[in-house]
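Step one of this worksheet: look at the structure below.
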Amino acid sequence: MNKYNKAEILQKMEEEGVEFIRLQFTDMFGVLKNIAVPASRLIKVLENNCTIDCASLDGFVNGEEEYLYLKPDLDTFAILPWRPQNGKVARFLCDICREDGSEYEISSRWILKKSLERAASMGYTFQVNPECEFFLFHTDDNGLPTTLTHEKAGYLDTSPVDLGENTRRDIILTLEKMGYEIESSHHEIASAQHEIDFSYEDALGTADKLMTFKMTVRTIAKRYGLHATFMPKPRQEINGSGMHLNMRLLKDHKNVFTEENGELSRTGEAFIAGIFQHIAGMTAILNPLVNSYKRLVPGFEAPSDVTWSRTQRNPLIRVCKKRDRSVNLELRSPDAASNPYLVFALCLEAGLNGIQRGLKAPEELKEDIRRLSCEEKQVRGIQTLPENLGRALDAMYQDSLIMEVLGEPYVSVYGKAKRKEWKSYLAQVTEWEISQYLYML
C-alpha cells in the first residue's frame, strides 16, 4: 500500500475529485464491513471521530460500549477504481477503538498487530504470500448465484477453454491500480476455479490486501454477470478452494528457515513443529465453516493428515526450496473463508512457540500419503486434522496458546457463534439422507 500523511490525503482527495469515503473494517468472522461518509467529513474521519453501533453487529461484546470508533490506517488509503470517475470513492481500512483511543481487544486486526509486535521484540519479521483460490459461477435470471458453469478448463488452461480469463485479467488490472504487486494468475484444477498470487509482504499489509482482494474479485466478476465465491467446497465432486499460505521468517533481513547450504534450518523445523503441536486447535480458525471440512477429505488436493515434506504433493506443510537457495514453508490447510488476520497471527505464534521451546518436527513424509492405510498412519504416529467443525472447536478450547493469542473474550464469542452454526447444521435433514434411507426403511 502507499504511504500517506494527512496533508497528502487531503490534497489527493481534492485533486481526484473524491466525493465519498468508505471506512472499512473486518469483523471477527473475517467479513468486511463498512460505513460511507461524504468527503466533506474527511477531517472528522482523520480525527477518528466516526462511530459504529455495535448493537446490530454479530461478534461484538455488548457490554458498556454501545458505540465504537473507527481509526483509519492512513497507509491503506486507496481510490476504488471501479467506482464512477465523477464522484469517486476512496476507502480506508480501520482499526476499532474505544472512546479513549484504546484498541478493541476482539478486533482481529489488533490481534495480528499484537502478535507482530511480540515477534518484533524477538527480532523477527513475518512475511507471507497467500495463494487464494476462488470459483466463477453463473448467476440465474434473477442475478442470484448458482454453482453452474459451462467451462471445462483445467489446470493452467488458456482461452478459449478458460472462460474466466478476461474476468481474471480485469481483476488483476484493477488490483494493480490499487498498488498490488501480482506475481501470477492461472486457471486451477477444477472447472471455473481460479487463483491469483501476490508478492511476499509483511503479514499485516497482506491481510489488509486479502480483504480488499476478495471484495475486488466479487465486484469485477459481477460486471461479467458471474458470481465469485470463496466458499471452500461449493461442489462435492471437484476440488475445493484453499488459501495456501507461504511463510518466511526474517531476522536481520535473513530468512531463518534457510541454512547456509540452502536446506531447511533447525529453526525452520522447530517452526513446523510448533504449528503441528497447535494445528488441531488452530483449525477452527483456519477452516471456520461447516463446509470447510468437506474440502479437507482424502481423495482431493487438500491435506487431511498432519505431515510435512520436501517432495510430496499433499502434505500439510510443504518445504519449498527456491532458486535463490531460500526456503519457504507452505501451509496448505487454510481456506479463504477464514479471517486472514487471525490465520497469520496463529501461524506466527505457534511457529515462534516451537522455536522458543526447541521443538523437533516429526519425521518427514517421503512417500505418497494416499498409499498408507489407517493402521500404517497410526503406527507412524501421523495425526489427522479435525474431521468437522465441532471437533475443531473442542480442540480450540483445549489449546492454551490459542486462548492466549486470541484472548478469552474473542474465543468465548467466536466459539458460541460457531457452536450455534454447528448445531444448526446437525439438525438439518439432507438430500443424501432422504435418498439413502427413505425408501429402505
Side-chain angles (χ1 to χ4, degrees), residues 29 58 133-155 163-164 188-194 225-243 280 283-284 286-306 313-314 316 332-338 368-378 382-396 415-441:
F29 305 110
D58 292 334
E133 297 170 339
F134 58 94
F135 282 92
L136 294 174
F137 289 129
H138 293 304
T139 55
D140 64 18
D141 292 339
N142 296 317
L144 298 176
T146 72
T147 58
L148 302 176
T149 178
H150 298 315
E151 191 196 80
K152 303 296 182 184
Y155 192 59
L163 300 180
E188 261 295 344
I189 294 173
S191 296
Q193 189 182 37
H194 304 267
L226 299 170
H227 176 71
T229 181
F230 295 91
M231 181 178 177
K233 187 80 169 182
R235 293 171 59 174
Q236 70 178 46
E237 73 277 10
I238 59 178
N239 289 335
S241 289
M243 187 186 73
T283 299
L286 275 53
N287 307 98
L289 307 181
V290 168
N291 179 257
S292 296
Y293 299 84
K294 307 298 177 68
R295 170 180 163 261
L296 300 176
V297 294
F300 295 92
E301 293 292 314
S304 56
D305 299 291
V306 182
R313 183 174 178 81
N314 293 323
L316 178 63
R332 303 178 61 258
S333 63
D335 61 57
S338 61
D368 191 339
I369 190 72
R370 292 171 292 187
R371 296 179 180 176
L372 299 181
S373 66
C374 292
E375 291 76 15
E376 288 173 313
K377 292 179 187 178
Q378 190 172 13
I382 296 175
Q383 304 174 52
T384 59
L385 294 174
E387 294 180 342
N388 56 54
L389 182 59
R391 290 190 176 183
L393 290 169
D394 290 340
M396 180 182 72
K416 182 178 180 181
K418 288 298 172 179
R419 283 287 186 200
K420 183 178 179 181
E421 180 181 338
W422 175 239
K423 289 180 179 179
S424 175
Y425 170 73
L426 291 177
Q428 303 304 307
V429 178
T430 65
E431 287 298 323
W432 182 90
E433 293 168 278
I434 296 296
S435 63
Q436 191 80 2
Y437 305 126
L438 185 66
Y439 178 76
M440 293 175 55
L441 301 174

How far does [atom1] of [X] sit from [atom2] of [Y], to the nearest 0.5 angstrom?
X	Y	atom1	atom2	value
M243	S338	CE	OG	4.0 Å
K294	N388	NZ	CG	10.0 Å
F135	S241	CZ	OG	4.5 Å
E301	I238	CD	CD1	12.5 Å
D140	L148	CG	CG	9.0 Å
L389	K423	CG	NZ	12.0 Å

T430 side chain to E433 side chain, donor-acceptor N/O pair below 3.5 angstrom: yes
D335 versus S292, side-chain donor and acceptor atoms under 3.5 Å: yes
Strictly distance-based, threshold 3.5 Å: is any side-chain N or O of [X] a donor or acceptor partner for the main-chain N or O of [Y]?
X	Y	answer
Q193	F134	no
R295	P303	no
S435	E431	yes
E421	K418	no
E151	A192	yes

Ring-face cation contact, F300 with K233, 6.0 Å cut, 45° max: yes
Steps toward side chain to side chain contact (heavy atoms under 4.5 Å, CB included) verdict (R332, L316): CA-CA 5 Å; R332 303 178 61 258; L316 178 63; 5.6 Å; no
Is the number of heavy atoms from other residues, nucleotides or ligands under 6.0 Å of [X] [atom1] greater than 12?
X	atom1	result
R313	CZ	no
Q436	CD	yes
R235	CZ	yes

Side chains of [X] and [Y] in contact at under 4.5 Å (non-hydrogen atoms):
X	Y	value
F137	P145	no
T384	S304	no
I382	V306	no

Looking at [X] and [Y], what are the two nearest heavy atoms and their distance?
X	Y	value
L385	L296	CD1-CD1, 4.3 Å
L286	S333	CD2-OG, 3.8 Å
T139	G225	OG1-O, 3.2 Å
E133	G242	OE1-N, 2.7 Å

Worked verdict on M396 versus T283 for side chain to side chain contact (heavy atoms under 4.5 Å, CB included): CA-CA 8 Å; M396 180 182 72; T283 299; over 6 Å; no
Aromatic ring pairing H138/H150, orientation class (parallel under 30°, perpendicular over 60°, tilted between): tilted
Presence of salt bridge, R370 and D305, under 4.0 angstrom: no
Residues R371 and E376 bridged, charged N to O under 4.0 Å: no
Residues T229, H227; criterion side chain to side chain contact (heavy atoms under 4.5 Å, CB included); working and verdict: CA-CA 6 Å; T229 181; H227 176 71; 3.9 Å; yes
Centroid separation W422 to Y293 less than 6.0 Å: no
Side chain to side chain contact (heavy atoms under 4.5 Å, CB included) between L226 and T149, intermediate numbers included: CA-CA 10 Å; L226 299 170; T149 178; over 6 Å; no
